[in-house]
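Reviewing the structure listed below.
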Amino acid sequence: MSQAADTSNVSASKSQTGSVCPFPHLTPAEDFYTVARGNPKPHTLTGQALKDARMTPDTWRLEMTADPYVEDPIIKLPAKIDKPLTLADGTALDLPTLLELGKTRSVKYIKAMQCLNIPAPLGQGLWEGVPLRDVLEFCGSMLNVRRIYYWGYHNNDPKLIFQSSVSYTQAMETPPGELPVFLAYKLNSKPIPPIRGGPVRMIVPWSHGFKSIKWIQHIYLTNDYRTNDTYAFKNNAPESNLKTTAYTEELPEQIQAGQSITVTGQVISGISGLNRVEYWLREVDDESKSLADDDPKLLGAPWKACQIYPQPDWKSILPKGTSQKDIMGFNSNTGEPKTWPLKYGMGFWFTEINGLKPDHYEVRARAVDLNGYAQPESRAARKSGKNGIQVRRV
Ligand SMILES: Nc1nc2c(c(=O)[nH]1)N[C@H]1C(S)=C(S)[C@@H](COP(=O)(O)O)O[C@H]1N2
Ligand SMILES: [Mo]
């Protein structure tokens, strides 16, 4: 643990009731930042081409098959499933069947989408669907399945395939109170549009976006335990988790001396949870060197706590007919979020800085997780997620 993660002299962030959050807590489906491969990009297809891609509610089908692959001595036995679901023999799963299962097994929760390679959250939505473990019941009994691969529509071009995976255990055994990996068919209580990966998209709550495959079409059950994700190429860590990370909004280039300035930003509460967001104001001149995230000056700086905007008025932001009590991550009796910001969700922070002299300043903000680690610790390998500290100058 870094010296800077010593929390003893920093008071925990307190919500300032009455302060109005300038950011939306739910992002409309069309307003997410989009990360997609394809030529043309699948979500730009229309009319018959969209139908041919099986990306409409009527044409969508999900195949589930077993991988016969063996590779002695690592994979001695092939995976087997009782009931493969295929297009060829007309057994592939359709949307009405998935929705029917959803009547008794559906889950919903609020999750932020974040790319491992982009230094800003892509958006946050209320996702709804059926846990993968329940969907796998359609396959009957399984033998020698250690990993579950899945991919979406990719223009029938093997070069454009975008594949991800979870272990059998991750799919089947959800720790109580944790969010399961699931096949989503609703976003913000509406059908998921093609731009967001609909009609059906995988959602892996604890991961970066690359596990949440859009336009899902095929689930492949395999005895190959290796993490054969598309994102493993280009040195990305395929088992990386969502990072607890603060992001800082741009600041005006100049302000009047003596005028106060409000610094704001987003914060993602990743798998290690969020303790607080803190900031450091650094006076700089022409000679000041830029600081690396592990510079002793930065680590030993007098970081001060920022405030987290209080939870929104849920009744006014949740889609009509949605009760907080039915959303995972909220207490089912009181409707209160179990943590704020929600785990795997995005919250917002602010701090007011007063009495600046005529000078140049740098402002940095960083998140501290529930283990006491200040961003970007404790992850040295940056290809496990974008969590460098952002610098803004004023
Ligand atoms: N089929 C498919 N799914 C995909 C991708 C893709 O290119 N094709 N990109 C992934 C990556 S890298 C990210 S970060 C997220 C982005 O989700 P969004 O476009 O809904 O914001 O989708 C993931 N799912
Ligand atoms: Mo991504």
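Note that ligands are numbered from 1 as they come in the structure, with each ligand's atoms numbered from 1 the same way. Residue numbers start at 1 and run along the sequence shown.
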- Message: Could you work out, with side-chain hydrogen bond (donor to acceptor under 3.5 Å, both in side chains) as the rule, every residue matching Asp134, not counting sequence neighbours?
- Response: Arg105

- side-chain contact (heavy atoms from CB on, under 4.5 Å) with Thr169: which residues, sequence neighbours excluded? Ser167, Glu173

One line per pair, note the atom names and distance for all nitrogen or oxygen contacts under 3.5 Å between ligand 1 and the protein.
residue	atom	partner	partner atom	Å
ligand 1	1 (N)	Lys214	O	3.1
ligand 1	3 (N)	Lys214	N	3.0
ligand 1	7 (O)	Arg37	N	2.9
ligand 1	9 (N)	Val35	O	3.2
ligand 1	17 (O)	Arg201	NH2	2.9
ligand 1	19 (O)	Val35	N	3.0
ligand 1	19 (O)	Arg196	NH2	3.1
ligand 1	19 (O)	Lys214	NZ	2.5
ligand 1	20 (O)	Arg196	NE	2.9
ligand 1	20 (O)	Arg196	NH2	3.2
ligand 1	20 (O)	Arg201	NH1	2.8
ligand 1	20 (O)	Arg201	NH2	3.4
ligand 1	21 (O)	Tyr33	O	2.7
ligand 1	22 (O)	Arg201	NH2	3.3
ligand 1	24 (N)	Ser212	O	3.1

- Task: Scan residues 182-199 for pairs that pass salt bridge (Lys or Arg N to Asp or Glu O under 4.0 Å), counting only residues two or more places apart or in two chains.
- Result: none

- Are Phe182 and Tyr109 close enough, and set up right, to give a ring pair (Phe, Tyr, Trp, His ring centres under 6.0 Å), and what steps lead you there? CA-CA 11 Å; Phe182 76 117; Tyr109 55 75; 5.1 Å; yes

- For the residue pair Phe23 and Phe348, categorise the inter-ring angle as parallel (less than 30°), tilted (30 to 60°) or perpendicular (more than 60°). parallel

- Message: With a 6.0 Å cut-off (strictly less than), is the heavy-atom count around OH of Tyr168, excluding the residue itself, greater than 12?
- Response: no

